[in-house]
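So you know, we letter chains A, B, ... as the sequences are listed, proteins then strands, and number each from 1. Here the structure is a predicted model, which means the values were calculated and not measured.
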Amino acid sequence: MLELPELDHVRGALTNRFAGAPITGIEVTNSKTFQVNVDEWRKDIVGAVVWFIERRGKHLLFHLDNGKRLILHLTQAAYLYIGSAEDAPDKTAQVQIKFGERFVYAVGLRSESIKLLSVREVEEMFSELGADPLDKKLTLNRFIDRFAKKRSSIRQALLDTSILNAIGSAYADEILFRAGLLPDAKIPLLEKETWERLYEAMHNVLQEAISYGGAGDYPFAADDQLTGGYISKFKVYNREGEPCPTCGAAILKLEQSGRKAYYCGTCQKDK
DNA sequence: AGTTATACCCGGACGC
DNA sequence: TGCGTCCGGGTATAAC
């Protein structure tokens, strides 16, 4: 499971280790599937220095000093691992970025999830995508505006990547619980005060999760003790039948357009 | 025409 | 170990 906090967590680890370091090599397994010409890429990548690593939605962007951006889109069961040739993950890594003796392994990538773009192409790509939930430019009013024309349930909209990026099932459930809002609450019925609660809950939950190292399933390196620290902090996600930490009522599960939503039927209201 | 709902894709996980 | 099956985020397509 990778959502915003997990990606922010690994982004920080990557920046700490590799900011200012030159890339010495890159390998892409099964490059036909990924429709990537690795030999062409090497001209731009090998020898380039990584300034820093940025997260935008569920994408990680390696900023290179030659103006190129190496982009990994991490979804589903994907994860990154920092190790050596001997200390590699068990699973097939579709991408290996080499920094001397240390490699960044990307496991579980889907096709179309590796890109090497210019700055201009990056801006075009992200102009189509939703706002980053923790972007400082996403003020309360702009947050509300993004939902203005929607008539769906609030949970579906939270998962809509054209509205917000990088929130998945787990954090959608946790944010709605924190806000005291039911997953099937209808957007047109929500009032300003509810939006304020939701906006604040989104920031609090995501930032708290980042501070606990996220809820990722795999450590990003052999000495990583932090990753997954937030799994035990989930209050409703994946906890059907367990008591609500606030009121003690059993956590419920709802099927919503084929997606599972976990919530407390007592603490969460429809507006 | 714009939104919402459904179908399908495809790595990984799991069971046999 | 390998195959079939399920899962679920993302995306394309259908329905409204």
Footprint string (nucleotides 2-16 of chain B, 5' to 3'): B base within contact, S backbone only, - free, heavy atoms under 4.0 Å: -SSS---BBBSS---

Modelled atom types, side-chain donor and acceptor of A:Ser84 and A:Asp87, under 3.5 Å: no

Helical bend (five base pairs per end, nearest 10°) for the helix from B:dG2-C:dC16 to B:dC16-C:dG2: 20°

Sub-4.5 Å side-chain heavy-atom contact between A:Thr75 and A:Arg110: yes

Ring-face cation contact, A:Phe177 with A:Lys235, 6.0 Å cut, 45° max: no

NZ/NE/NH1/NH2 to OD/OE distance under 4.0 Å, A:Arg178 and A:Glu208: yes

Check: A:Trp195 and A:Ile154 side chains under 4.5 Å, non-hydrogen atoms: yes

Along DNA chain C, first and last positions that approach a heavy atom of chain A under 4.0 Å: C:dG8 to C:dG10

Distance-only donor-acceptor check, side chains A:Ser162 and A:Asp160, under 3.5 Å: yes

Validation row, ring centre A:Tyr230 to ring centre A:Phe234 under 6.0 Å: yes

Note: A:Glu200-A:Arg197 ion pair, threshold 4.0 Å (strictly below): no

Carboxylate-amine/guanidinium proximity below 4.0 Å for A:Arg56 and A:Asp132: no

Check: A:Val236 main-chain N/O paired with A:Glu174 side-chain donor or acceptor under 3.5 Å: yes

